[in-house]
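Notes to accompany the following structure.
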Amino acid sequence: MFNISTPNDISMVRKALQTDKFLTVVFFDDKAKNNLSEYPAINTIGTLVFIFDNETMKDGSMKIHVNGVEKVQIHEAVHDLPYRTGAMT
């Protein structure tokens with residue numbers, strides 16, 4: 001289960017729920033040299049997850065329950081929305 005509370009993340013989850021219910025979970029790359037920009041570096045390996053249940057809380061945050069589907073390689077991350085989108089295999 002993930003608690004989703006930032007506006008950008010809530011927007012991302014709502015978009016996923018309106019389409020195929022898939023997200024990719026990727027962690028920040030703490031070892032990367034980073035200028036602490038708005039979009040910190042991320043690892044190139046992530047996990048494709050399927051949202052099988054969700055709940056919107058009174059404060060507007062969300063709880064999502066996911067199942068891991070497979071390990072994925074991140075090839076590209078684009079910052080054209082309030083959250084990152086990209087290409088993976």
Side-chain angles (χ1 to χ4, degrees):
M1 178 182 71
F2 289 100
N3 290 313
I4 309 299
S5 59
T6 66
N8 290 355
D9 291 344
I10 291 169
S11 175
M12 175 184 61
V13 168
R14 286 187 177 144
K15 179 67 174 178
L17 291 170
Q18 292 171 353
T19 57
D20 56 13
K21 297 187 179 183
F22 285 100
L23 292 173
T24 301
V25 177
V26 181
F27 291 100
F28 294 119
D29 186 351
D30 294 333
K31 296 177 184 172
K33 299 220 186 283
N34 201 338
N35 65 1
L36 299 177
S37 68
E38 184 178 346
Y39 297 102
I42 58 173
N43 286 300
T44 58
I45 301 295
T47 304
L48 180 66
V49 299
F50 178 78
I51 303 169
F52 68 87
D53 192 25
N54 69 90
E55 179 181 1
T56 300
M57 311 308 289
K58 290 180 183 178
D59 65 1
S61 66
M62 300 178 80
K63 289 185 179 182
I64 60 171
H65 297 261
V66 301
N67 280 334
V69 176
E70 65 183 339
K71 180 178 170 180
V72 294
Q73 174 80 40
I74 309 300
H75 297 286
E76 176 184 13
V78 180
H79 307 172
D80 58 346
L81 295 168
Y83 47 87
R84 296 180 211 215
T85 59
M88 63 183 187
T89 55

Flag yes if L81 and I4 sit in one hydrophobic cluster, no otherwise; membership is Ile, Leu, Val, Met, Phe, Trp, Tyr, and two members link when side-chain heavy atoms are under 4.5 Å apart.
yes
What distance separates R84 CZ from H79 NE2, expressed to the nearest 0.5 Å?
4.5 Å
Please list all pairs passing the side chain to side chain donor-acceptor pair (under 3.5 Å) test where one or both residues lie in residues 9-24, with sequence neighbours left out.
T6-D9
OG1/T56 to CD1/I10 distance, rounded to the nearest 0.5 angstrom?
8.0 Å
Show me the donor-acceptor pairs, under 3.5 Å and distance only, between side chains in residues 40-51 and residues at least two apart or in other chains.
unit_1 : atom_1 : unit_2 : atom_2 : d
N43    : ND2    : F27    : O      : 3.2
N43    : ND2    : F28    : O      : 3.3

Inspect the surroundings of CZ in F2 and state if more than 12 heavy atoms from other residues, nucleotides or ligands are less than 6.0 Å away.
no
Between OG1 of T89 and CD of E70, what distance do you get to the nearest 0.5 Å?
9.0 Å
Once side chain to side chain contact (heavy atoms under 4.5 Å, CB included) is applied, do any residues pair with S61, and if so which ones, sequence neighbours excluded?
S5, M57, D59
Trace of the side chain to side chain contact (heavy atoms under 4.5 Å, CB included) decision for I64 with L23
CA-CA 11 Å; I64 60 171; L23 292 173; 4.2 Å; yes
When rounded to the nearest 0.5 angstrom, what is the spacing between NZ in K63 and CD in E55?
6.5 Å
Interatomic distance, CE@M12 vs CE@M62, rounded to 0.5 Å, equals 10.0 Å
Using the rule that Ile, Leu, Val, Met, Phe, Trp and Tyr join whenever any side-chain heavy atoms are under 4.5 Å apart, tell me whether V13 and F22 fall into a single cluster.
no
